[in-house]
Amino acid sequence: SAMRDVLWGRSPLVSMGKQSDPGWAYVQTRGLLRIFGTIQDWVSALAQDLSNVGLDGVIGVAPGWQQARVLAFSGGGMLENARSLSCFKSMRCEVLEPSRELLLLFERLGISRLEDFLRIDPEDILEHMGEEALVKHQIIRGEEPGTPLVFEEYQVVFEEEHRLEEAIADLEPLFFILRPLLERLLRRLSVRGYYSRGIELYFSYDGAGSESRTVRAGCPTRSTKVL
């Protein structure tokens, strides 16, 4: 995907969200400051790369991935010290993505913001609010109770796909469809710092087999006209 390409271009450690959690992705930023100077510079570069491939990203940066997710869910932000809670206090409890039952419990207890939630002793939370509430409380306090992230193996694969409801009778409408696919591929290549020596077209027909064609460029390129 385009998001995966952008993230691979900015970090060697990438973990994409599960199918049940689309739109989320996580990267390890440790050691990148030697390349980008400051974490703010890295965030700016990442946001620009996302924009270049047509994506609007909200970025949260924190020592742990769960705190970073809360920051992103609240609109984005940066936290250097996991134990520094000041940036969370004014946030509404919804940024914790609570279950419906926990959200109703928050409302019943008059807890609307994380500042109210953080005042409660952890032992009291487990006893009176349950395990989910305790896990959310631990996340805000920087304890990262969830399982560690599993990072993906680096892959260099660029694919774009378009499905048609009806057959194409001549080349002009085919070119009309293929051009934006090629443009998106080349933008993704650019984000990763690659050039293309050719492309492979794969046509699949329901009930009628498939066909492939390879187009080679004379030299590495990112030009749609050449390809």
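Start at 1 with the first residue, then count along the sequence.
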Peer 1: Do Ser11 side-chain atoms and Gln28 backbone N/O form a donor-acceptor pair below 3.5 Å?
Peer 2: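 Answer holds: yes.
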
Peer 1: Do side-chain atoms of Glu144 reach the backbone of Ile139 as a donor and acceptor pair under 3.5 angstrom?
Peer 2: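 No; judged by distance alone, with no hydrogens or angles, the pair does not exist.
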
Peer 1: Take Glu143 and Arg83 through the test side-chain contact (heavy atoms from CB on, under 4.5 Å) and record every step on the way to the result.
Peer 2: CA-CA 9 Å; Glu143 297 182 13; Arg83 303 294 180 174; 3.7 Å; yes

Peer 1: Could you please spell out the steps behind the salt bridge (charged side-chain N to carboxylate O under 4.0 Å, His left out) verdict for Glu115 and Arg113?
Peer 2: CA-CA 5 Å; Glu115 182 177 13; Arg113 299 192 180 274; over 6 Å; no

Peer 1: Compare every heavy atom of Met91 with every heavy atom of Leu71, then report the nearest pair and how far apart it is.
Peer 2: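 Taking every non-hydrogen atom into account, CD2-CE, 3.8 Å.
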
Peer 1: Other residues, nucleotides and ligands only: do more than 12 of their heavy atoms fall within 6.0 Å of CG on Asp56?
Peer 2: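 Atom CG in Asp56 is not crowded, with 12 or fewer foreign heavy atoms closer than 6.0 Å.
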
Peer 1: Please evaluate residues Met129 and His137 with respect to the criterion side-chain contact (heavy atoms from CB on, under 4.5 Å), reporting the C-alpha separation (whole Å), side-chain torsions for both, the decisive distance (0.1 Å), and the verdict.
Peer 2: CA-CA 11 Å; Met129 300 183 68; His137 201 266; over 6 Å; no

Peer 1: Starting at CG of Asp5, measure out to CG of Asp49 and round the result to the nearest 0.5 Å.
Peer 2: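 Here the interatomic distance stands at 10.5 Å.
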
Peer 1: Determine the sole option in Leu7, Val61, Thr29 for which the side chain to side chain contact (heavy atoms under 4.5 Å, CB included) test with Leu46 is passed.
Peer 2: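 Testing each of Leu7, Val61, Thr29 against Leu46, the sole residue satisfying side chain to side chain contact (heavy atoms under 4.5 Å, CB included) is Leu7.
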
Peer 1: Please report the interatomic distance CD(Glu183) to CG(Leu178), rounded to the nearest 0.5 Å.
Peer 2: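 Interatomic distance, Glu183 CD to Leu178 CG, rounded to 0.5 Å: 11.0 Å.
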
Peer 1: Between the side chains of Glu132 and Ser99, does any donor sit under 3.5 Å from an acceptor?
Peer 2: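 Their side chains do contain a donor-acceptor pair, which is all the 3.5 Å distance test asks for.
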
Peer 1: Run the numbers on Arg69 and Glu97 for side-chain contact (heavy atoms from CB on, under 4.5 Å), then give the verdict.
Peer 2: CA-CA 10 Å; Arg69 182 182 176 108; Glu97 302 174 86; 2.7 Å; yes

Peer 1: Do Thr38 and Asp41 pair up side chain to side chain, a donor and an acceptor below 3.5 Å, judged on atom types alone?
Peer 2: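 Result is yes, a qualifying pair exists.
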
Peer 1: In this structure, is the centre-to-centre distance between the rings of Phe117 and Phe106 below 6.0 Å?
Peer 2: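 Yes.
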
Peer 1: Go through the steps to decide whether Lys136 and Leu96 satisfy the test side-chain contact (heavy atoms from CB on, under 4.5 Å), and finish with yes or no.
Peer 2: CA-CA 7 Å; Lys136 302 297 186 183; Leu96 296 176; 3.9 Å; yes

Peer 1: Report yes or no: is the cationic atom of Arg10 (NZ for Lys, CZ for Arg) closer than 6.0 Å to the six-membered ring centre of Trp42, at no more than 45° off its axis?
Peer 2: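 Checked: cation-pi criterion not met.
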
Peer 1: Side chains of Tyr26 and Met16: closer than 4.5 Å at any heavy-atom pair?
Peer 2: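 SC-SC contact between Tyr26 and Met16 ruled out.
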
Peer 1: Which distance, rounded to the nearest 0.5 Å, do you find between the OH of Tyr195 and the CG of Leu186?
Peer 2: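 With rounding to 0.5 Å, OH (Tyr195) is 11.5 Å from CG (Leu186).
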
Peer 1: What are the two closest heavy atoms between Ala25 and Met3, and how far apart are they?
Peer 2: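 Distance-wise, the nearest heavy atoms are CB-SD, 3.7 Å.
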
Peer 1: Can you see whether Tyr202 engages Arg213 through a side-chain donor-acceptor pair at a distance of less than 3.5 angstrom?
Peer 2: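 Judged by distance alone, the side chains do not pair up.
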
Peer 1: Under a 3.5 Å distance rule, please check whether Ser15 uses its side chain to pair with a backbone N or O of Leu149 as donor and acceptor.
Peer 2: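 Judged by distance alone, no pair lies under 3.5 Å.
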
